[in-house]
Novice: 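First the structure, then my questions, so here it is.
Side chains are part of it too, since the values below use all heavy atoms of this structure and drop only hydrogens, waters and symmetry mates. Not measured: the values here are computed from a predicted model.
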Amino acid sequence: MSIHTAVTGIAILLCMAISVFDVQPLYAVGNVVRVKTIDFRGLNYLSKYEIIRDVPVKLEEDSIIVDVDALETVLSTSRMIKSFRVVEKDGKLVVFVVENKPAFLVALKKGSRLVPFELDDALNILSAGTVHADDIPLVVVSEKDIIQSRFSERILRVFQIIRYLRSNEVPLLREITEIDCTHMNFIQVKVNGRRTVFTCHSKTKHFMTINYILGHLDSKGSYPDKILVDDRMAASW
């Protein structure tokens with residue numbers, strides 16, 4: 001998928017409901033095993049409950065009866081999982097997982113609601129309605145920024161800025177909590193633990209200026225409410 005393409009069918013994925021984990025009745029007729037434990041390894045973003053909730057499982061005394069075929073189907077259809085391997089040994093079912101790491105966390109503003117979804121670096125949707133990554137900034141977009149299943153150019157520039165900050169290990173990226181793009185003429189950048197809101201445009205040099213200003217503010221321990229950054233200056237009030 002092109003970097004300039006938002007995933008088709010976004011509206012359907014955004015309506016996905018988040019079910020709660022429960023032990024399901026065992027209907028499977030496939031590869032059913034009885035084990036003492038199920039051990040998931042390699043999970044950094046997904047929880048084991050998010051995986052196992054859709055797998056027929058039965059608890060019987062001190063054992064777990066699980067449909068391995070159904071488990072592998074869930075693993076193979078999860079957008080968050082790049083690869084997996086299931087091994088049964090010594091009464092234990094071990095699931096080795098390699099996850100797809102979310103590159104961008106986006107929230108679509110629909111009226112008063114924010115609907116979150118996570119994207120990989122190629123802008124494929126990894127999850128909708130559920131947030132797994134807490135180490136990347138939230139990019140808030142309006143419905144006007146998704147045109148015919150494509151992100152607007154200014155949102156694509158924001159993604160490019162995040163890529164630049166990440167690849168160059170710019171400290172600012174660790175501090176940004178939110179990039180609000182719902183205003184058509186500017187964006188607002190909020191940082192962790194500071195009251196200052198930065199107003200700028202989707203330009204890399206503006207974010208590099210914010211990185212410098214934030215370091216200066218931290219050294220002084222003083223934070224104005226707002227700072228406007230443009231091509232020639234920065235003004236605070």
Novice: Please write out which residues are connected to L114 in a hydrophobic cluster, directly or through intermediates, given that two of Ile, Leu, Val, Met, Phe, Trp, Tyr count as joined at side-chain heavy-atom separations below 4.5 angstrom.
Specialist: L105, V131, I136, L138, V140
Novice: Could you pull out all residues at least two apart from S78 that satisfy side chain to side chain donor-acceptor pair (under 3.5 Å)?
Specialist: none
Novice: For H201 and H206, which heavy atoms make the closest approach, and how far apart are they?
Specialist: N-ND1, 3.2 Å
Novice: Under the rule for side chain to side chain donor-acceptor pair (under 3.5 Å), what residues qualify as partners of R113, not counting sequence neighbours?
Specialist: none
Novice: Hey, are K109 and E143 close enough for a salt bridge, meaning a charged N less than 4.0 Å from a carboxylate O?
Specialist: no
Novice: Mind checking whether L173 and Y164 sit in one hydrophobic cluster, side chains of I, L, V, M, F, W, Y counted as touching below 4.5 Å?
Specialist: yes
Novice: What are the two closest non-hydrogen atoms of D145 and S152, and how far apart are they?
Specialist: OD1-OG, 2.6 Å
Novice: Side chains of V189 and F207: closer than 4.5 Å at any heavy-atom pair?
Specialist: yes
Novice: Can you sort out the partners of D90 under side-chain contact (heavy atoms from CB on, under 4.5 Å), two or more places apart, ordered by chain and number?
Specialist: none
Novice: Taking only residues two or more places apart in sequence, or in another chain, which ones meet R41 in a side chain to side chain donor-acceptor pair (under 3.5 Å)?
Specialist: D39
Novice: For residues 94-104, run the donor-acceptor check on the side chains, cut-off 3.5 Å, and write out each pair with its distance to 0.1 Å, sequence neighbours left out.
Specialist:
unit_1	atom_1	unit_2	atom_2	d
E99	OE1	N44	N	2.7
E99	OE1	Y45	N	3.1
E99	OE2	N44	N	3.4
E99	OE2	Y45	N	3.1
E99	OE2	L46	N	2.8
N100	ND2	R79	O	3.0

Novice: With sequence neighbours excluded, tell me which residues meet side-chain contact (heavy atoms from CB on, under 4.5 Å) with Q188.
Specialist: D180, H183, F186, V197, T199
Novice: So, using side chain to side chain donor-acceptor pair (under 3.5 Å) as the criterion, who are the partners of S83 when residues are at least two apart?
Specialist: none
Novice: So if you build clusters from Ile, Leu, Val, Met, Phe, Trp, Tyr with side-chain heavy-atom gaps below 4.5 Å, do M184 and I179 land together?
Specialist: no
Novice: Kindly write out the residues that satisfy salt bridge (Lys or Arg N to Asp or Glu O under 4.0 Å) with K190, not counting sequence neighbours, or none if the list is empty.
Specialist: E178
Novice: Could you name each residue pair satisfying salt bridge (Lys or Arg N to Asp or Glu O under 4.0 Å) that touches residues 197-219, not counting sequence neighbours?
Specialist: R194-D218, K203-D231, K205-D231
Novice: Give the minimum heavy-atom separation between L214 and L172, together with the two atoms involved.
Specialist: CD2-CD1, 4.0 Å
Novice: Which salt bridge (Lys or Arg N to Asp or Glu O under 4.0 Å) pairs, counting each pair once, include a residue from residues 126-141, with sequence neighbours left out?
Specialist: none
Novice: Rounded to the nearest 0.5 Å, how far apart are CD1 of I161 and CG of L156?
Specialist: 11.0 Å
Novice: For H216, give me all partners under ring-ring contact (aromatic ring centres under 6.0 Å, His included), at least two apart in sequence or on another chain.
Specialist: none
Novice: Are a donor atom and an acceptor atom from the side chains of Q160 and R157 found within less than 3.5 Å of each other?
Specialist: no
